[in-house]
Q: 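Pasting in a structure now, in structure tokens, and then I'll have a few things to ask.
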Amino acid sequence: MASPLSDTQSPLSPLEKIAVVGLGTMGTGIAEVLTKAGREVVGIDISEAQAAACVAALEASTARAVARDRLTEQERADILARFRTATELTAAADADLVIEVAPESYEIKQQIFRELDGVVRPETILATGTNALSVTRLAAESARPERVLGLHFFNPAPAMRLVEVVSSVLTAPQAVTAVTDLAIQLGKEPVAVGDRPGFVADGLLFGYLNQAAAMYEANYASREDIDAAMRLGCGLPMGPLALLDLIGIDTARTVLDAMYTESQDRLHAPAPILKQLSEAGLTGRKSGRGFYTYDAPGSPTVVRDALTPLEGDGLVPGRPVSSVGVAGSGTMASGIAEVFAKAGFDVVLAARSEEKAQAAKARIGKSLARSVDKGRMTGEAAARTLERITPAGSYDAFAEVDLAVEAVAEDLDVKRQLFAALDKVCKPGAVLATTTSSLPVVACARATSRPQDVIGMHFFNPAPAMKLVEVVRTVLTADDVHATVREVCARIRKHAVDCGDRAGFIVNALLFPYLNNAIKMVQDHYASLDDIDAAMKLGGGYPMGPFELLDVVGLDVSLAIEKVLHREFRDPGLAPAPLLEHLVAAGCLGRKTGRGFREYARR
């Protein structure tokens with residue numbers, strides 16, 4: 001006998017009647033999306049109180065929509081009329097589609113699927129909303145595994161556009177087509193993925209979150225600095241520790257356990273702090289305390305606790321700084337010089353030749369002119385800023401600067417030679433800073449006779465626009481040097497975060513393993529470039545997808561950082577993806593060469 005979903009059958013009928021099993025936050029959101037899109041929906045939950053809360057939430061959201069003129073009263077009445085609740089699975093008997101969003105437990109979900117087998121019609125599609133459990137394993141427990149698939153919405157479902165459509169090796173193509181069409185009709189952007197823990201978005205996101213938790217657990221940086229670094233350095237809507245609190249630390253641990261079981265990649269092995277917080281009941285916002293403390297369970301408002309840093313706490317007075325030397329002639333050096341000059345510092349911009357220094361100053365002039373054209377500053381202010389910058393063809397011009405900042409090539413030998421030269425030229429008490437993003441700051445410091453005066457000041461490109469500076473202390477850096485740089489960052493209106501002298505600091509140490517894992521997904525033919533980029537922008541709130549970002553950064557730069565991270569931490573999971581190495585070897589370096597992961601039009 002042919003399967004109800006076999007290739008010989010006619011296409012599936014439209015999915016008009018839908019049951020949602022589990023009316024927690026996600027189930028309630030999915031029910032709202034479906035009813036607003038004209039579907040008849042029955043919400044099923046064993047708890048009458050939960051079902052009533054779902055109805056109340058739908059009533060409240062539609063009332064807000066009416067108040068904002070997004071719905072009429074009649075449309076609201078129609079939406080509410082299309083929704084009903086029940087406490088028994090028999091209410092799903094006439095559904096075309098059942099979406100299960102029960103707790104992340106095989107036992108609970110398998111029980112639901114077994115019961116649904118005896119309730120629904122043979123052609124009814126059964127979808128699980130899991131983001132951590134195997135869809136294939138759940139399908140195998142069903143009497144008709146070909147009609148089982150994953151339909152992973154993102155929270156909050158009414159606002160988030162991404163839906164991952166998850167096929168197992170058992171899923172019928174017609175079932176995938178039917179739910180994909182439904183997602184489009186709901187105004188969502190469906191992404192087709194295979195069955196592996198975390199799928200695309202969570203598969204990339206949770207590895208990054210786990211690394212952030214481990215970084216915090218190692219006392220490498222404060223929770224506030226880790227979160228600020230990723231918001232300001234990568235443009236993310238939330239920092240990783242705040243996001244873990246929002247998701248639920250127990251949920252994150254479940255997802256990571258499932259990922260590690262499959263991958264055996266240490267990057268997915270849940271950081272011990274996740275277990276400790278979960279078992280203590282400190283699961284994040286929902287409990288009122290996780291990485292941060294909240295004013296009540298479920299509240300988004302963070303309150304001060306014993307770990308909250310006091311402003312200026314423990315800082316000794318810094319050294320006076322009125323003049324700054326910037327070494328280098330590239331984009332980063334000119335951007336840093338512009339930042340200091342705008343803040344009122346006298347700047348010496350030194351390069352290997354007078355011509356290169358003059359060219360760098362001219363680049364700053366063009367940048368300031370653009371700011372004037374956009375109304376961000378007056379012509380007079382731009383002229384005064386440019387006047388503060390003195391180009392020089394020799395580092396001897398740094399003799400009287402209070403702070404020297406190097407922004408030369410990311411090559412340790414080059415930087416060591418420069419610091420040896422600065423050691424001879426700069427006056428006693430001058431602070432010497434490196435903008436390196438991946439090399440050891442202490443190696444630069446040891447090239448001088450005054451390692452206590454050396455510190456890292458990692459600006460982000462473009463320096464005039466990016467608000468973050470990673471302040472990198474070595475074991476030799478003096479307290480007043482650290483204080484000086486913190487004070488200078490405040491004067492140039494940058495947000496300083498403190499971190500230790502290890503590869504990648506905060507941002508790159510968290511960003512590049514995530515990018516590397518995205519490359520591995522493509523390398524393994526798990527998902528396409530476009531689907532992965534769409535998943536991270538729509539599901540994770542990233543301003544750019546990983547492959548867009550890699551092509552902008554440069555694949556050669558990315559590979560170099562990956563190699564540094566792998567060499568320092570000796571973690572096999574950090575080994576650069578072979579696909580990245582192959583593209584770099586082929587000269588496909590991203591936008592700057594016209595081809596990287598994608599091709600770009602030549603200018």
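All heavy atoms count here, side chains included; hydrogens, waters and symmetry mates do not. We number each residue from 1, following the sequence as shown.
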Q: Is the shortest heavy-atom distance from the side chain of Met215 to the side chain of Pro240 under 4.5 Å?
A: no
Q: Are any of the side-chain heavy atoms of His458 and Val507 separated by less than 4.5 Å?
A: no
Q: Are the charged groups of Lys592 and Asp556 less than 4.0 angstrom apart, N to O?
A: yes
Q: Look at the aromatic rings of Tyr208 and Tyr514 and report parallel, tilted or perpendicular, splitting at 30° and 60°.
A: tilted
Q: With a 4.0 Å cut-off on N to O distance, would you call Arg591 and Asp551 a salt bridge?
A: no
Q: Applying the salt bridge (Lys or Arg N to Asp or Glu O under 4.0 Å) test to Asp479, which of Arg473, Arg486, Arg319 qualifies?
A: Arg473
Q: Could you tell me whether the side chain of Ile561 reaches within less than 4.5 Å of the side chain of Leu511, counting heavy atoms only?
A: no
Q: Take Phe345 and Val339 through the side-chain contact (heavy atoms from CB on, under 4.5 Å) test and state the conclusion after the steps.
A: CA-CA 9 Å; Phe345 290 90; Val339 167; over 6 Å; no
Q: Could you walk me through whether Ser449 and Asp423 satisfy the side chain to side chain donor-acceptor pair (under 3.5 Å) test, starting with their C-alpha distance in whole Å, then the side-chain angles of each, then the deciding distance to 0.1 Å, before giving a yes or no?
A: CA-CA 7 Å; Ser449 63; Asp423 187 34; 3.0 Å; yes
Q: Taking the side chain as every heavy atom from C-beta outward, state whether His566 and Asn516 have any atom pair closer than 4.5 Å.
A: no
Q: Above 12 or not: heavy atoms from other molecules or residues under 6.0 Å from CZ of Arg289?
A: no
Q: Could you check whether atom CZ of Arg491 has more than 12 heavy atoms from other residues, nucleotides or ligands sitting under 6.0 Å from it?
A: yes
Q: Would you mind reporting whether Phe340 and Ile389 have side-chain heavy atoms less than 4.5 Å apart?
A: no
Q: Let me know which of Glu354, Lys361, Lys356, Glu355 forms a side chain to side chain donor-acceptor pair (under 3.5 Å) with Gln358.
A: Glu354
Q: Going through the distances and angles, do Val321 and Val431 end up as a side-chain contact (heavy atoms from CB on, under 4.5 Å)?
A: CA-CA 9 Å; Val321 176; Val431 174; 5.7 Å; no
Q: Decide yes or no for Arg64 and Arg70: does some side-chain heavy atom of the first lie under 4.5 Å from some side-chain heavy atom of the second?
A: no
Q: For Tyr294 and Tyr292, take the angle between the two ring planes, folded into 0 to 90°, and tell me which bin it lands in: parallel under 30, tilted 30 to 60, perpendicular over 60.
A: perpendicular
Q: Scan side-chain atoms only and decide if Ser322 and Asp346 contain a donor-acceptor pair under the 3.5 Å cut-off.
A: no
Q: Within a strict 4.5 Å, meaning less than it, do heavy atoms of the Cys499 and Asp225 side chains meet?
A: no
Q: Is the shortest side-chain N to carboxylate O distance from Arg502 to Glu568 below 4.0 Å?
A: no
Q: What verdict does the side-chain contact (heavy atoms from CB on, under 4.5 Å) test give for Leu162 and Val191, after you've listed the backbone C-alpha separation in whole Å, the side-chain angles of each residue and the deciding distance to 0.1 Å?
A: CA-CA 7 Å; Leu162 180 67; Val191 170; 3.5 Å; yes
Q: Give a yes or no on whether Lys467 atom NZ has more than 12 heavy-atom contacts from other residues, nucleotides or ligands under 6.0 Å away.
A: no
Q: Under a 3.5 Å threshold, yes or no: a donor from one side chain and an acceptor from the other, between Glu410 and Ser438?
A: yes
Q: Check this for me, if you would: do Asp245 and Arg223 make a salt bridge, where the nitrogen-to-carboxylate-oxygen distance has to be below 4.0 angstrom?
A: no
Q: Between Tyr542 and Leu205, is any pair of side-chain heavy atoms under 4.5 Å apart?
A: yes
Q: Answer yes or no: are there more than 12 heavy-atom neighbours, outside Arg446 itself, under 6.0 Å from its atom CZ?
A: no
